[in-house]
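Remarks on the structure that follows.
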Amino acid sequence: MDVMSAQNPASPPSTEPASGADALAARLDEVLARIDAAAERAGRDPREITVLLATKLRTPEQIAGAITLLRERERTIAVGENRAQEIAKHADPLLAGNGVPRHFIGRLQTNKARDVFAFAELVHSVDRDDIIDALARRAALAEQPRDVLIQVNTSGEESKGGYAPDADVLEAAVRRVSDTGMLRPVGLMTIGANTTDETEVRASLGSLRRLRDELRERGHEDLRELSMGMSGDLEIAVEEGATIVRVGSAIFGARP
Ligand SMILES: *Cc1c(COP(=O)(O)O)cnc(C)c1O
């Protein structure tokens, strides 16, 4: 649109729905359409891709609303918490007992391992050895095994956690997890390169799949999951094999 027509008062009005609930449904359907189109391009079944709601800074009502919509659309879903201090708030009665798996996707501190272990069915963000050890201690105390993903820093950005994107480094981490006898490594997780350059994003997300495949070839067959793809790069992630996409702002709107 050029400058003149942008200023034209006769331009059609925005079609953005007015009510909060309608806007949530419209954004969510847009996200599902993006997932479906990418899955189709890759020859994948979109229903085998878990849509994880990244819930940081959202209210229990918003989260419950999105869960209802995803259920109606028969998607496989999970809820992902980032912040230990939001765990209790999001365990609101609206969420309790609805059977949606809760995961932890945020930076984990060893002194929060207990809180996180208590609720998270799957921890995505195991990014260093002392986190493996801290979670293993909680699992041993609770006498409950737990699935985890190993976080990989595929972009090399210093602000991001994760093991180096190197098969030997990751194999050592996978072994350390398995050797605890209480934690089971079931896949890899990454946060894609923070850039609009699609080639760079694809290189970072594609490397996670190649690393998982390499580890599987080395006999670590339990590594099934690839947790990757967020609001800005979920199509590329699905094309590159994501089994879990973690979506926040594209569903809930800009973070407050
Ligand atoms: C916030 C967050 C997401 C979702 O980010 P959006 O860009 O809002 O979709 C995904 N993964 C992690 C680890 C996050 O912290």
Side-chain angles (χ1 to χ4, degrees), residues 23-24 26-35 38 49-59 62-63 65-67 69-70 75-87 89-90 100-109 112 115-116 119-128 131 135 147-163 165 186-198 200-202 204-205 208 225-256:
L24 180 68
R27 284 191 300 260
L28 187 132
D29 282 330
E30 166 97 37
V31 165
L32 297 182
R34 289 169 60 195
I35 291 171
I49 298 162
T50 297
V51 179
L52 177 145
L53 294 166
T55 57
K56 57 179 174 285
L57 304 178
R58 308 302 174 178
T59 65
Q62 287 175 302
I63 299 165
I67 289 171
L69 293 166
L70 286 164
R75 298 294 170 138
T76 308
I77 58 182
V79 163
E81 304 291 350
N82 267 80
R83 295 160 180 235
Q85 64 275 29
E86 282 186 318
I87 292 167
K89 191 178 111 199
H90 288 171
V100 177
R102 291 180 88 195
H103 296 183
F104 189 77
I105 64 174
R107 254 299 164 81
L108 190 47
Q109 275 136 28
K112 295 285 191 276
D115 299 344
V116 166
F119 86 90
E121 235 169 77
L122 179 67
V123 178
H124 292 227
S125 43
V126 172
D127 63 353
R128 55 194 195 275
I131 295 298
L135 287 173
D147 291 348
V148 302
L149 306 181
I150 304 286
Q151 183 171 348
V152 186
N153 186 350
T154 55
S155 67
E157 290 164 18
E158 263 177 45
S159 59
K160 294 192 174 130
Y163 287 91
V186 297
L188 304 180
M189 177 273 213
T190 200
I191 299 172
N194 183 19
T195 166
T196 52
D197 180 341
E198 196 186 310
E200 248 181 86
V201 174
R202 193 176 292 280
S204 117
L205 300 179
L208 197 73
E225 307 292 344
L226 286 177
S227 167
M228 60 186 190
M230 316 193 339
S231 291
D233 59 7
L234 60 88
E235 290 85 350
I236 300 176
V238 167
E239 287 171 13
E240 295 296 329
T243 61
I244 306 175
V245 291
R246 310 178 307 264
V247 192
S249 46
I251 289 176
F252 294 113
R255 268 184 283 281

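Numbering of ligands and ligand atoms starts at 1, following listing order. Just the heavy atoms: all of them, side chains too, but no hydrogens, waters or symmetry mates, feed the values below. A quick note: this is a predicted structure, and the numbers were derived from the prediction, not measured.
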Report task. May I ask you to identify the nearest protein heavy atom to atom 6 (P) of ligand 1, giving residue, atom name and distance to one decimal place in Å? Result -> Ser231 OG, 3.4 Å
Query raised in the report: How does Asn82 reach ligand 1, by side chain, by backbone, by both or by neither, if only non-hydrogen atoms under 4.0 Å count?
Result: side chain
Query raised in the report: Does the N or O separation between Ala250 and ligand 1 drop below 3.5 Å for any pair?
Result: no
Query raised in the report: Nearest non-hydrogen atom to atom 14 (C) of ligand 1 belongs to which of Lys56, Arg246, Met230?
Result: Lys56
Query raised in the report: Is the CD atom of Glu30 crowded by more than 12 outside heavy atoms at less than 6.0 Å?
Result: no
**Report entry** Val247 neighbourhood, listing ligand 1 atoms whose heavy-atom distance to it stays under 4.0 Å
**Finding:** 9 (O)
**Report entry** Nearest protein heavy atom with distance in Å, relative to atom 13 (C) of ligand 1
**Finding:** Ile105 O, 3.5 Å
Query raised in the report: Where do His103 and Phe119 come nearest, in terms of heavy atoms and distance?
Result: O-CE1, 3.7 Å
Query raised in the report: Quick one: do Arg102 and Glu81 make a salt bridge, cutoff under 4.0 Å?
Result: yes
Query raised in the report: In this structure, which one of Met228, Met230, His124 forms a side-chain contact (heavy atoms from CB on, under 4.5 Å) with Ile191?
Result: Met230
Requested in this report: Consider ligand 1: state whether an atom of it lies below 4.0 angstrom from any non-hydrogen atom of Arg255.
Outcome: yes
Requested in this report: Among Ile77, Val247, Ile67, find the residue that satisfies the side-chain contact (heavy atoms from CB on, under 4.5 Å) test when tested with Leu53.
Outcome: Ile67
Requested in this report: Can you sort out which atoms of ligand 1 are near Ala54, meaning under 4.0 Å from one of its heavy atoms?
Outcome: 3 (C), 4 (C)
Report task. For the pair Gln62 and Thr55, evaluate side-chain contact (heavy atoms from CB on, under 4.5 Å) and give the outcome as yes or no after the intermediate values. Result -> CA-CA 9 Å; Gln62 287 175 302; Thr55 57; over 6 Å; no
